[in-house]
**Q** 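First the structure, which I've put down as structure tokens, then a few questions once you've had a look.
Since the model is a prediction, treat every value here as computed from it, not as a measurement. Per chain, numbering begins at 1; letters A, B, ... match sequence-line order.
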2 protein chains.
Amino acid sequence: MKPKFQKPDRLRRLREVIENDPFITDKELACAFGVSIQTIRLDRLELGIPESRERTRRLAEEATNKVRSVETGEVIGDLIHVKLGQEGISVLETDKDMAFQRTSIVRGHHIFAQANSLAVALVDAEIALTGTATIKYLRPVRAGERLVAKAEVLSRSGRRHVVKVTTKIGHDDVFTGEFIVFAVEEPGGCGEDSRRGFD
Amino acid sequence: MKPKFQKPDRLRRLREVIENDPFITDKELACAFGVSIQTIRLDRLELGIPESRERTRRLAEEATNKVRSVETGEVIGDLIHVKLGQEGISVLETDKDMAFQRTSIVRGHHIFAQANSLAVALVDAEIALTGTATIKYLRPVRAGERLVAKAEVLSRSGRRHVVKVTTKIGHDDVFTGEFIVFAVEEPGGCGEDSRRGFD
DNA sequence: CTGCTATTAAGACTTGGTCATAATAGCTAT
DNA sequence: ATAGCTATTATGACCAAGTCTTAATAGCAG
């Protein structure tokens, strides 16, 4: 009972192929696997894989959401609590997309980004820019761990703010940083609405 | 010659509506605008807007590319030159997606990410992790500017590497940082292939 | 009334499928 | 071997969301 390419084998491969080329059509798949279109359709049915247009649509939907959440959000992570000019807490759920595939260790700049944007968000000014930062990574973060960053404004003289950020996973410190953040005036002065500015 | 909703008006609105709901079909549009499907099709033709499936496909394609380039690339920016354990140069083209909309100033963590990943890439080890970093933002970066980061390994004792990174736009220094990067052993020891590890 | 634009309609064809119903091949267990 | 099983392929009807072509109609302007 061994034709050449057995069914379970084909199913596994099929799943993989579709996984990393969701745009592929049944016809192309049939051709690639040397079977009929109907077989491919039955296989998809069995695997619960939707048709190519549906796959494309989902990808597009998901991706637009992702882009929105990554790029439109002014702060990296969720702002849980803020006392402007004083303190704040932000939570960031890490996932494997933030990590190196090989090690599942979260890339440093994500941890930095959370802390930095929190520090900047605390400064009560039209625009705030990070000037200097001294940071320490205390232990590696694995994908899936929840980062809780607490920030505190240590001192302020004029437009210069010193913000201390400590990021924890549970009770474990994983990161600390001291950010010198400067408040800046509105630049052109032609802003139509005047919400707070970050970084 | 004023029916109620004039053509040029409808065209403008049509463009907008499709813009922020690319999944919408001609039928839905026809219904929403109170005209026939054919009218919508002619309008799209005139505006050079492709059909809904095509729009969806493009969105998905673009988005997967973006996700890939942001999340799968091991190094942020393009590695122009590397002498492992010694020095390296990376180039990062900034765009408005990296900046705050209001100010067009590039978010600090992108600049940090480029420098950090370059520093880590220079360390010749299976896995390398940033321990400490002291960084300075010297001037704001505007969306569209090209960041050139140069890194140099200043010293090394055992697994501890001190890497100095300077990022410029043209001849202008915009960022400097000193990264303490640690080389680490393979963790589980069950890696099937052994390419270099970053960060 | 003629000409113009805008709109709508009608018909044939395309892609990439779904769904239902068969027919066929190859093995297997009784 | 023969009935039974799974896997595969085929066939035909149908759908959504279009395309492209040709044509009819409405409303107004000169």
**Q** Show me the donor-acceptor pairs, under 3.5 Å and distance only, between side chains in residues 26-46 of chain A and residues at least two apart or in other chains.
**A**
from, atom 1, to, atom 2, distance (Å)
A/Asp26, OD1, A/Arg44, NE, 3.0
A/Asp26, OD2, A/Arg41, NH1, 3.1
A/Asp26, OD2, A/Arg44, NE, 3.4
A/Asp26, OD2, A/Arg44, NH2, 2.7
A/Glu28, OE1, A/Thr25, N, 2.9
A/Glu28, OE1, A/Thr25, OG1, 3.3
A/Ser36, OG, A/Gln38, N, 3.4
A/Ser36, OG, A/Gln38, OE1, 3.4
A/Ser36, OG, A/Thr39, N, 3.3
A/Ser36, OG, A/Thr39, OG1, 3.1
A/Asp43, OD1, A/Arg10, NH2, 3.1
A/Asp43, OD2, A/Arg10, NE, 2.7
A/Asp43, OD2, A/Arg10, NH2, 3.1
A/Arg44, NH1, A/Ile49, O, 3.1
A/Glu46, OE1, A/Lys7, NZ, 2.9
A/Glu46, OE2, A/Lys7, NZ, 3.4

**Q** When rounded to the nearest 0.5 angstrom, what distance separates NE2 in A/His109 from CG in B/Asn116?
**A**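 If we round to the nearest 0.5 Å, A/His109:NE2 and B/Asn116:CG are 8.5 Å apart.
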
**Q** Round to a whole Å and report the spacing from CZ of A/Phe23 to P of C/dG16.
**A**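 Rounding to the nearest Å, CZ of A/Phe23 and P of C/dG16 are 13 Å apart.
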
**Q** Find the distance B/Lys27:NZ to C/dT8:P and express it as a whole number of Å.
**A**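 Rounded to the whole Å, the gap is 16 Å.
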
**Q** What's the separation between atom CZ in A/Phe112 and atom CD1 in B/Ile135, rounded to the nearest 0.5 Å?
**A**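 With rounding to 0.5 Å, CZ (A/Phe112) is 3.5 Å from CD1 (B/Ile135).
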
**Q** Let me know the distance between NZ of B/Lys7 and P of D/dG27, rounded to the nearest Å.
**A**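 Whole-Å distance recorded here is 18 Å.
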
**Q** Just verifying a value: how many Å separate B/Ile127 CD1 and A/Ile105 CD1, rounded to the nearest 0.5 Å?
**A**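 One finds 5.5 Å between CD1 of B/Ile127 and CD1 of A/Ile105.
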
**Q** Enumerate the residue pairs fulfilling salt bridge (Lys or Arg N to Asp or Glu O under 4.0 Å) with a member in residues 161-174 of chain B, sequence neighbours excluded, ordered by first and then second residue.
**A**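 Listed by first then second residue: B/Arg139-B/Asp172, B/Lys168-B/Asp173.
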
**Q** Salt bridge (Lys or Arg N to Asp or Glu O under 4.0 Å) with A/Arg12: which residues, sequence neighbours excluded?
**A**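 A/Arg12: salt bridge (Lys or Arg N to Asp or Glu O under 4.0 Å) contacts with A/Asp9.
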
**Q** What is the distance, to the nearest angstrom, from the CD atom on B/Glu54 to the C1' atom on D/dT19?
**A**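 Spelled out: CD on B/Glu54 to C1' on D/dT19 is 13 Å.
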
**Q** Closest approach of B/Glu19 and B/Pro22, non-hydrogen atoms and distance?
**A**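 For B/Glu19 and B/Pro22, the tightest heavy-atom pair comes out as O-CG, 3.8 Å.
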
**Q** Quick check: any donor-acceptor pair below 3.5 Å linking the side-chain of A/Arg53 to the base of C/dG17?
**A**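 By the distance-only test, no, there is no pair.
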
**Q** Can you tell me if B/Arg10 touches the phosphate of C/dT7, counting only side-chain N or O atoms and a distance under 4.0 Å to OP1 or OP2?
**A**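 Result: yes.
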
**Q** Round to a whole Å and report the spacing from CG of B/Asp26 to P of D/dG18.
**A**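 Roughly 4 Å, once rounded to whole Å.
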
**Q** Listed in order of residue number, which residues of residues 35-52 of chain B have a non-hydrogen atom at under 4.0 Å from DNA chain C?
**A**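 Contacting residues: B/Val35, B/Ser36, B/Gln38, B/Thr39, B/Leu42.
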
**Q** Quick one: salt bridge (Lys or Arg N to Asp or Glu O under 4.0 Å) pairs with a partner in residues 75-95 of chain B, sequence neighbours left out?
**A**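 For residues 75-95 of chain B: B/Glu93-B/Arg146.
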
**Q** Just how far, in rounded Å, is C1' of D/dT8 from CG of A/Leu29?
**A**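 Rounding to the nearest Å, CG of A/Leu29 and C1' of D/dT8 are 16 Å apart.
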
**Q** At how many degrees, to 10°, do the end axes of the helix from C/dC1-D/dG30 to C/dT30-D/dA1 meet when each uses five pairs?
**A**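 Taking five pairs per end, the axes differ by 20°.
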
**Q** Would B/Arg107 and B/Phe100 count as a cation-pi pair here, with the cationic atom under 6.0 angstrom from the ring centre and within 45° of the axis?
**A**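 Pair B/Arg107/B/Phe100 counts as cation-pi.
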
